Number of protein chains: 2
Amino acid sequence: MSFNKRIKIKHLIENTYTGETVTVMGWVRTRRSNKHVTFIALNDGSSIQNYQIVADPEKINEELLKKANTGACLKITGTVVASQGSGQQSEIQADRIEILGEADPDKYPIQPKKHSLEFLRENAHLRVRTNTFGAIFRIRHHLAFAVHQYFHQKGFCYLHSPIITASDAEGAGETFQVTTLDLKNPPRDENNAINFKEDFFERATNLTVSGQLEGELAALALSEIYTFGPTFRAENSNTTRHLAEFWMIEPEMAFYDAEDNQNLAEDFLQYIIGFALENCQEDLAFLDQRAAEEEKNKKAEQRSELGLLERLEFVTKNTFVRISYTEALDILRNSKPNKKKKFTYPIDEWGTDLQSEHERYLVEKHFKKPVIITDYPKAIKSFYMKQNEDGKTVAAMDILFPGIGEIIGGSQREERLDKLTERMQELGISQEEMWWYLDTRRFGTAPHAGFGLGFERLVQFVTGMSNIRDVIPFPRTPGNAEF
Amino acid sequence: MSFNKRIKIKHLIENTYTGETVTVMGWVRTRRSNKHVTFIALNDGSSIQNYQIVADPEKINEELLKKANTGACLKITGTVVASQGSGQQSEIQADRIEILGEADPDKYPIQPKKHSLEFLRENAHLRVRTNTFGAIFRIRHHLAFAVHQYFHQKGFCYLHSPIITASDAEGAGETFQVTTLDLKNPPRDENNAINFKEDFFERATNLTVSGQLEGELAALALSEIYTFGPTFRAENSNTTRHLAEFWMIEPEMAFYDAEDNQNLAEDFLQYIIGFALENCQEDLAFLDQRAAEEEKNKKAEQRSELGLLERLEFVTKNTFVRISYTEALDILRNSKPNKKKKFTYPIDEWGTDLQSEHERYLVEKHFKKPVIITDYPKAIKSFYMKQNEDGKTVAAMDILFPGIGEIIGGSQREERLDKLTERMQELGISQEEMWWYLDTRRFGTAPHAGFGLGFERLVQFVTGMSNIRDVIPFPRTPGNAEF
C-alpha cells in the first residue's frame, strides 16, 4: 500500500482545493491554542510558506495535540476551507492527525526564535528546516538547474572532468593529497622517499583544483562543453569567502575568441539570475527582507546602496561595460578615492592586480553597471591564456559584480604550440607531464576560450548571504568536516 | 571582432540553407581527391554525421589542401548546395579554406582506421574525436540532463552532498584518505600514532562513498531531494565493471514507503532512457550497429538475444515485475539451470545473496521484463534499511536489467530510533560518530525512502559499451590517473 498520497503545501497554496479532503505531511513550525481551537503552522519544504492547520479539540485528542511541538512531523487529513484570517487563501480543518515523529521541546535545537548563523552552522543537519536555509537551498537548486538548462539548450555537452588527478599544472593553490598508503608506515624507495609506485594509482595524486584543462581536451572534439563539479583548495583561509570544497562551472568552447567568450558569459549570467528571479520569487522576497534587516545593523558607510532584489536586477537589466585593464587602471588612478588616499591599496604602477575595493568602485560608483575587464598584464595571469600582440597582456577577462567584485574569470586560451611552450618554460611548468594538453595544440588546434564561475559565489550573490559557509549544505573549511 | 560566426554541422544537416553562404569549422575525418575535385568529411562534434566539403582546385590552393589531413582543424566558407551523391541532402562548395591547426599524419594517433578500445583509452585526450566516443559522450550528456530535468519537474531539490567526509558509516568499501600532512614525516601524538589534529580538518578524512546519509538529512526538511555527484571506492578491482571514481544519483524522499520508492524508480528509469531514445537517435543507431558487429565476434551462447535498441525499449515498454526475494529464490531453485547445475553459484538456502547470473536469468529468461526484487534478508543489506515485521527481512529493493543485472539498489529507511540503534549496535557501528544522523530520528522523524543509481552503469546500459572505462571521460582505476 503506497503511503505517499499527500498533497504538497506548494500545490495547496497555488491551486484551489476548497471543499476537498486532502492529506498533508510536514513539520510543525509553531502551534498556538486557545480554549476553542489549536492552530498549527506546517511546513513540508516545498515552499517557504507554512500552511495553517486548524484542530478542533472536539475532533482531535488534546493529548495528541500536545505532542505536536515545533519540529514534530505530522500527517494530517482534513477538509480544505477558505481561510478566515488574513494571509493565506485556504487552510485545513483537521479530521485526523497522526504524529509521525515527535520532537522533545527540551531537546530539539531549532526552536521558533532567532538563532545565530554560527549556531545553525553547528547544526547544519537541522538548519535546512529553517526559513532562511530552506530558501537558500531551493534557490541553489534552481540556479544549478538553470546552468544545465542554459547549456543544454545551446548544444553544450556536460563533461564530468576527473576529481582525482595527478596534475596540478594550473598551480592554482595548495592541493589535498589522495592516498591509500599506510600513513603510519608508508613504503619507501631506495632514496627513503615515499614510494608512490605502491599507492593506489601508482603515483602521487591529489584532488582537482579545476576541470579546465580536461575541458579543453573535450572542447577540441565536441566544440562546446561545460563542467559542473566539485573542486578543492587546501588553503588555510578561515574567511567568509573561502571553502576547501566548492563547486565550479567551467565552459570551454572551440572556435570562440575573447569577444565570443565575453558575450557568452554575460548572456549566461543574465539567464541564470533571471531564472532565479522568475522561479524563486517567494524565497527571494524573504531573503530580500532578511538582507534589509541585516543592513540596519551595519554602520552607515558599510551599507549597500542596493537591496538584494535590486542587485539582481542590476545584473539582468544592464548591459555589461567592457574595458581593458589599462583603461580601468586609468580610471582608478584618477578616481577621487585614489587621490584622497582612501583605497587600502593605492593605484600606481601598471601591472599590479586589482583588489576587491577597486573592482567594487568601478561597478558601484563609476559605471553603475556590471563590468568586464579584459586584457590583463600577462605576469598576473595563468600560463594558458592567449598572449596578445603587444607582448605585455593576455586575452583574459574578469567579470565584476556589485557587492562581491569578481564573479567570473576566463580567457581565450593560447592555441599556438610555440607560444604556449615558451610561456610554460618561462614559468617552469613541465611540458613532459602535460604531454596530453600539448597534444591538442599539436594536432588540429583551434582558437578556443572558456571561463570559470565559482558556484557558491553565485549563490552568495543571489541569496545575499555574507558567509559562504551558509550557501553550501555541509561546508568544508580548516578544522571542519562534520556531517 | 567576434570569431564564432560559424554554423554547427548539426544545424546544417537539420535545416535548409541551400544557396546561402555559410562558415563551418571542424576537424577533418577523411579527405579524398581526384583530378577534378577534393572531398573533405568534416566533423565539429555537434553530430555524429560528418559534413561534406567540396573543394575545387581552381578555387582552393592545392598546397593548402594537402595540409587538410585527418585531424586537422579547418575554417571553411562556401555555398550550401544540394548534394549530388547519396547520403546527406546538402554539402558546401568551398570558396575559402583556412587551416586553423594542422595534424601531421605521421604523428597524429587517431587515423581513419579501426583502433582498439585499449589504444583509445591510452589516448583518452583524443578519443573524443572518434565516432564511438563522440556518440558516448553526447549520450552521457543527454542522460545527465534528463536526470536533472526529471527531478526538477517533480519538485525535487538538487543537493550537493559533501565529497570530503569524516564518516564511513555505510561501510560500503575501502576509502581514499584525504590529507595535507607531510607524508614523509607526519606529526605523531604521544602514542606515536599519526596526529590528525594537525591535519587540515583536524581529523582523519576520506573521499565519500555515498551521499545518502546527508541526503536523508535534507529530505527530512525539504521532502524530496536528489544528489548527483562523484563517489569513490579504493577497491583494487581491475575489472570491466569497476571504477575508483564514478558518479552516483541518489534521491531521498520523506513520506515515501517501499512501494512509493519502487514507483518512482521505475518511472525515473523509463523517463531518462526514453529521453535518450528520443534525443540521441543518430548516436544510438550508430552504437546499435556497433554492438551488433561486436556480437558477431562472440560465441553463440554468449550472444545477447536483444540488440542495443531492443534492450532500451525492453525497459521503456515493459511494466517492471515486482517480486520478493523469497519468491525469486523459489523460482530460481526450481529453474532448469539450477536443476541442471548450470549456475556457477547453485541456489539452495534462503539467505544467500543473488549473483548476476541469477538476476539475468530472472529478467531475460523467466519474466522477460525488468524485475524489482524486494524484501531481502536483513543480514545481506545495510544497517539503515527498514526492518520488516517478519524480523528476517528489510524493505530493500534491487532493480534488475537485461545484460547487466542490478542497476538500482534502494530501500525504505529505518525511521524508528530504537530499531535503528539496535541494528547499529548489532553491527558495531558507532552511534556517537553518527549523532547527526540519529538526530533526524530523534526530532520529527518520518517514513522515508531512497535509492542509488551508478551513473556509469546506466551509460553502459544505454551505449552498450562492455567496459565501464569507456563511458567516463578520464577513468580512474588501479594504477591509472593519467590526464
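These numbers were taken from a predicted model, which means no experiment stands behind them.
- Of the atoms belonging to B:Glu415, not a single heavy atom falls under 4.5 Å from chain A.
- Side-chain contact between A:Leu100 and B:His448 is absent, with no heavy atoms from C-beta onward closer than 4.5 Å.
- Here the CH2 atom belonging to B:Trp436 is positioned 8.0 Å from the CD atom belonging to A:Glu482, to the nearest 0.5 angstrom.
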TODO: Could you give me the CA-CA distance, side-chain angles and deciding distance for A:Ile164 and B:Leu207, then say whether side-chain contact (heavy atoms from CB on, under 4.5 Å) is met?
DONE: CA-CA 10 Å; A:Ile164 300 172; B:Leu207 292 177; 3.9 Å; yes

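- Residue contact with chain B, scored on non-hydrogen atoms closer than 4.5 Å, is absent for A:Phe246.
- For A:Arg442, the part lying near chain B is the backbone, with the side chain staying farther off; criterion is any non-hydrogen pair under 4.5 Å.
- For B:Glu245, the part lying under 4.5 angstrom from a heavy atom of chain A is the side chain only.
- Contacts of A:Leu126 with chain B are made by side-chain atoms alone, with heavy-atom separations under 4.5 Å and no backbone atom involved.
- Contact of A:Arg6 with chain B is made through the side chain alone, with heavy-atom distances under 4.5 Å.
- Using a 4.5 Å heavy-atom threshold, the side chains of B:Phe443 and A:Ile110 count as separate.
- In summary, of the residues considered (B:His142, B:His141, B:His148), a side chain to side chain donor-acceptor pair (under 3.5 Å) with A:His152 occurs for B:His141 alone.
- Outside the 6.0 Å centre-distance limit, the rings of A:Phe176 and B:Phe176 are not counted as a close aromatic pair.
- When all heavy atoms are compared, the tightest approach of A:Phe201 to B:Asn480 is CD2-O, 3.4 Å.
- Both the backbone and the side chain of B:Asp44 come within contact range of chain A, with heavy atoms under 4.5 Å apart.
- In this structure, chain A has no heavy atom under 4.5 Å from any part of B:Ser47.
- Contacts with chain B were tallied for A:Arg188, A:Lys75, A:Arg441; A:Arg188 has the most, counting heavy-atom pairs under 4.5 Å.
- With a 4.5 Å cut-off on non-hydrogen atoms, A:Arg416 does not touch chain B at all.
- Ring planes of A:Phe483 and B:Trp435: tilted class, angle from 30 to 60°.
- Contact count against chain A (heavy-atom pairs under 4.5 Å) is highest for B:Leu181 among B:Asp199, B:Asn263, B:Leu181, B:Ile472.
- If you measure heavy-atom distances from A:Ala219 to chain B, the contacts under 4.5 Å come from the backbone alone.
- For B:Phe455, the part lying under 4.5 angstrom from a heavy atom of chain A is the side chain only.
- In summary, the aromatic rings of B:Phe228 and A:Phe228 are positioned with their centroids too far apart to meet the 6.0 Å limit.
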Task: Candidate pair A:Val128 and B:Leu217, rule side-chain contact (heavy atoms from CB on, under 4.5 Å), full reasoning - done: CA-CA 8 Å; A:Val128 202; B:Leu217 307 179; over 6 Å; no

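- When all heavy atoms of A:Gly444 and B:Cys73 are compared, the pair lying nearest together is O-CB, 3.5 Å.
- Heavy-atom distances place both the backbone and the side chain of A:Leu220 under 4.5 Å from chain B.
- For the set A:Lys197, A:Gln149, A:Lys8, the count of heavy-atom pairs under 4.5 angstrom toward chain B peaks at A:Lys8.
- Heavy atoms closer than 4.5 Å to chain B are found in both the backbone and the side chain of A:Thr180.
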- [ ] Give the C-alpha distance, both sets of side-chain angles, the deciding distance and a yes or no for side-chain contact (heavy atoms from CB on, under 4.5 Å) between B:Gln177 and A:Gln177.
- [x] CA-CA 8 Å; B:Gln177 306 164 90; A:Gln177 304 165 89; over 6 Å; no

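- Using cut-offs of 30° and 60° for the angle between ring planes, the A:Phe255 and B:Trp27 rings count as tilted.
- Only the backbone of A:Glu122 comes within less than 4.5 Å of a heavy atom of chain B; no side-chain atom from C-beta onward does.
- Put simply, the side chain of B:Pro230 reaches to within 4.5 Å of the side chain of A:Ile163, judged on heavy atoms.
- Heavy-atom pairs under 4.5 Å with chain A were tallied for B:Tyr256, B:Phe200, B:Phe232; the largest tally goes to B:Phe200.
- Both the backbone and the side chain of A:Pro478 come within contact range of chain B, with heavy atoms under 4.5 Å apart.
- Comparing A:Tyr108, A:Trp247, A:Tyr437 by how many heavy-atom pairs each has under 4.5 Å with chain B, the most go to A:Trp247.
- Of the residues considered (A:Ala72, A:Pro473, A:Pro186), A:Pro473 shows the highest number of contacts with chain B, using heavy-atom pairs under 4.5 Å.
- In terms of non-hydrogen atom pairs under 4.5 Å with chain A, the most contact-rich of B:Glu224, B:Arg138, B:Lys10 is B:Glu224.
- In plain terms, the two heavy atoms of A:Leu222 and B:Gly134 that are nearest each other are CD2-CA, 4.2 Å.
- No part of A:Gln262 comes within reach of chain B, as not one of its non-hydrogen atoms sits under 4.5 angstrom from that chain.
- For A:Arg140, the part sitting under 4.5 Å from any heavy atom of chain B is the side chain, from C-beta outward, and nothing else.
- Contacts of B:Arg203 with chain A are made by side-chain atoms alone, with heavy-atom separations under 4.5 Å and no backbone atom involved.
- Contact of B:Lys107 with chain A is made through backbone and side chain together, with heavy-atom distances under 4.5 Å.
- Looking at A:Phe145, only its side chain comes within 4.5 Å of chain B, counting heavy atoms on both sides.
- Among the candidates A:Gly101, A:Gly26, A:Ala193, the residue making the largest number of heavy-atom pairs closer than 4.5 Å to chain B is A:Gly101.
- Contacts of B:Ala481 with chain A are made by both backbone and side-chain atoms, with heavy-atom separations under 4.5 Å.
- Of the two parts of A:Pro162, the backbone and the side chain both hold a non-hydrogen atom closer than 4.5 Å to a non-hydrogen atom of chain B.
- In terms of heavy-atom pairs under 4.5 Å with chain B, the best-connected choice from A:Ile194, A:Thr179, A:Val178 is A:Thr179.
- When heavy atoms are compared at a cutoff of 4.5 Å, B:Thr205 approaches chain A solely by way of its side chain, counted from C-beta outward.
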Open item on the list: Using the rule given for side-chain contact (heavy atoms from CB on, under 4.5 Å), can you reason through B:Ile225 versus A:Phe137, listing the C-alpha separation, both sets of side-chain angles and the distance that settles it, and then say yes or no?
Closed with: CA-CA 10 Å; B:Ile225 67 93; A:Phe137 293 122; over 6 Å; no

